[in-house]
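To keep things clear, I will list the structure first and then write my remarks on it.
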Amino acid sequence: MTAFEPLPSVAGGPAGSWPNRFAGLGGDFFTELPARGLPYPHWVATSPACAALLGWPADWANDAALQVLSGNAVWPGMRPLASVYSGHQFGVWAGQLGDGRALLLGEVDTPAGPQELQLKGAGLTPYSRMGDGRAVLRSSIREFLCSEAMHALGIPSTRALAITGSALPVRRETMETAAVVTRVAPSFIRFGHFEHFAHHGLHEPLGRLAEFFIAQYAPECLDAPLPVAALLEKVVRQTAELVAQWQAVGFCHGVMNTDNMSMLGLTIDYGPFGFLDGFDPGHVCNHSDHQGRYAYARQPNVAFWNLHALAQALLPLLPGEGEGAGEPLLAALEVYRSAFPAALMRRLRAKLGLLAEREEDQALSDDLLRLLAAHRIDFTIAFRRLSAISTDPAQDGTNEALRDLFLDREAFDAWAGRYRARLAAEQSRDAERQARMRATNPAVVLRNHLAEGAIRQAQAGDFGEVTRLLKVLQRPFDEPVSAADADFPPDWAQHLEVSCSS
Ligand code: AMP
Ligand code: MG
């Protein structure tokens with residue numbers, strides 16, 4: 001099939017029409033082209049929760065849907081397109097990137113606003129560079145599960161509707177097989193979309209993009225004296241909130257390049273991500289990140305760096321030139337310096353079950369994190385056990401499970417004494433606080449070994465574990481039926497490595 005022969009259209013479909021407001025931006029922003037689908041596709045998994053967001057019926061995943069979501073057909077009205085963007089990768093200008101293996105199919109109108117549908121892994125585009133336009137089953141399962149897991153944790157994220165697979169071989173370090181993930185988000189616009197036009201001095205389309213984005217996703221900025229500065233401030237605040245949530249749940253993104261930063265403050269582009277097991281602030285989840293640029297503890301600063309790159313790209317849109325012209329953008333950036341620590345402290349207070357705000361809370365949480373780091377104590381398990389702690393001396397047994405995690409019991413006891421005093425100071429009631437803490441400190445996160453278990457079974461043709469794990473991850477604050485889902489990682493997990501290869 002040539003690149004320009006349209007795909008066959010299949011009748012029906014769960015949505016009546018497929019508006020595509022992004023396409024209205026015009027040809028500077030994308031290339032329209034048909035997907036190159038998967039031969040003889042099969043379903044790997046679907047997310048009923050994501051389908052519900054779209055308002056689709058329970059039986060939406062029929063044969064026609066399988067062909068459409070594998071890139072072999074379209075529903076009438078879909079106009080697949082790949083968008084162009086650029087960006088900074090690992091701190092260096094990387095030039096033009098773009099949707100090298102993603103295609104926007106169109107939008108679904110929902111009560112929560114329009115949601116875009118995007119296929120990832122449906123073939124080459126003009127922006128594929130050295131890539132093959134494919135995604136492998138392994139990384140598709142990781143993206144699918146983590147997108148839905150993050151949403152269930154209350155962390156803004158692109159969603160995942162489905163994975164389809166095929167026997168089509170794809171070369172990575174070894175031979176693997178191809179899959180397509182259908183991603184869902186109000187918009188997939190990245191910092192890199194703005195950087196692209198700014199870098200090439202294309203100020204007219206740059207302005208059009210800003211106008212479009214503000215009108216669609218940030219209309220309140222139109223009331224500000226400088227809508228572009230108001231937009232930057234909004235992105236600064238959303239990004240600060242997002243990264244605070246990542247830090248609070250022990251999530252490492254792994255590849256925080258500016259092309260992987262969402263203008264909506266969503267977690268986007270799941271690759272070599274990881275959740276902390278033993279708490280190590282210097283943890284680098286991406287095996288390809290030799291400098292540790294995207295280490296867990298560096299994420300807040302990297303986000304700030306990325307926001308600077310975005311501000312730089314927006315600069316040509318401000319009136320006036322020369323010294324001082326960029327002041328409104330610098331002021332918007334400055335907001336991060338207070339917004340991020342405030343957002344993080346709010347999350348940490350919640351993790352500690354504290355309602356009131358007190359000066360000493362910062363030191364109390366810092367000191368707990370220091371203790372966790374000193375002994376590489378499991379981050380998720382420690383906070384979950386903290387959620388059961390009792391202030392009633394008669395109930396001391398409930399505290400032993402937490403205390404047992406610490407080699408240095410005396411150091412823990414000293415901290416726990418301060419913590420109990422702090423709880424007493426706000427007359428914290430055990431049952432209420434424990435319930436609050438269990439709703440903020442998850443029992444289950446998508447640790448690498450959990451994903452790996454589902455991947456290995458799927459590679460052997462059994463997709464049951466993907467679906468089982470999805471259900472568990474959609475209720476991360478409940479004690480899982482299988483205790484292993486919430487347990488320490490097994491020894492074999494120590495040797496798991498995830499890299500940019502996906
Ligand atoms: P990432 O860091 O994985 O988000 O990707 C960076 C850039 O490489 C984006 O422009 C992707 O579209 C592109 N890319 C990654 N993998 C592939 C692939 N297998 N085929 C084509 N393009 C790819
Ligand atoms: Mg990317």
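Heads up: numbering here begins at 1 and tracks the sequence. In each ligand, atom 1 is the first atom listed, and ligand 1 is the first ligand listed.
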Which residue supplies the protein heavy atom nearest to [atom], what is that atom called, and how far is it?
atom                    : answer
atom 12 (O) of ligand 1 : Gly100 N, 2.8 Å
atom 19 (N) of ligand 1 : Asp132 OD1, 3.0 Å
atom 17 (C) of ligand 1 : Arg101 NE, 3.4 Å

Could you tell me, atom by atom, which parts of ligand 1 come under 4.0 Å of a heavy atom of [X]?
X      : result
Gly131 : 18 (C), 20 (N), 21 (C)
Arg172 : 19 (N)
Asp269 : 4 (O)

*Taking the Mg ion (ligand 2) as the vertex, how big is the angle to OD1 in Asn260 and OD2 in Asp269, rounded to 10°?*
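Rounding to the nearest 10 degrees gives 80°.
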Taking both backbone and side-chain atoms of [X], is any N or O found less than 3.5 Å from an N or O belonging to ligand 1?
X      : answer
Arg134 : yes
Gly98  : yes
Ser502 : no

Assess, by modelled atom type and distance only, whether the side chains of [X] and [Y] contain a donor and an acceptor separated by less than 3.5 Å.
X      : Y      : result
Trp93  : His199 : yes
Ser83  : Asp99  : yes
Thr125 : Arg36  : no
Tyr336 : Thr239 : no
Arg21  : Gln216 : yes

*asked:* Name the residue from Glu143, Gln474, Lys471 that meets the side-chain contact (heavy atoms from CB on, under 4.5 Å) definition with Glu148.
replied: Gln474
*Does the protein put a heavy atom under 4.0 Å from atom 5 (O) of ligand 1?*
no
Please determine whether a side-chain nitrogen of the Lys or Arg among [X] and [Y] lies less than 4.0 Å from a carboxylate oxygen of the Asp or Glu.
X      : Y      : result
Arg456 : Asp462 : no
Arg346 : Glu241 : yes
Asp277 : Arg376 : no

_Under 2.8 Å from the Mg ion (ligand 2) - does any N, O or S atom of Asp259 fall there?_
no
*Asn257 near the Mg ion (ligand 2): N/O/S under 2.8 Å*: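 It does not; every qualifying atom lies at 2.8 Å or beyond.
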Using heavy atoms and a threshold below 4.0 Å, how should the contact between [X] and ligand 1 be classified: side chain, backbone, both, or neither?
X      : result
Tyr85  : side chain
Asn260 : side chain
Asp259 : side chain
Gln89  : side chain

Report yes or no: does [X] have a heavy atom closer than 4.0 Å to ligand 1?
X      : value
Asn257 : no
Met130 : no
Gly133 : yes

*Can you name the closest pair of heavy atoms from Thr380 and Ala443 and give their distance?*
CG2-O, 4.1 Å
*If you measure from atom 13 (C) of ligand 1 to every heavy atom of Gln96, Arg129, Lys120, which option wins on shortest distance?*
Arg129
*Which of parallel (below 30°), tilted (30 to 60°) and perpendicular (above 60°) describes Trp18 and Trp75?*
parallel
*Give me the ring orientation class for Phe463 and His42: parallel if the planes are under 30° apart, tilted from 30 to 60°, perpendicular past 60°.*
parallel
*For the residue pair Phe90 and Tyr294, is the inter-centroid distance of their aromatic rings smaller than 6.0 Å?*
yes
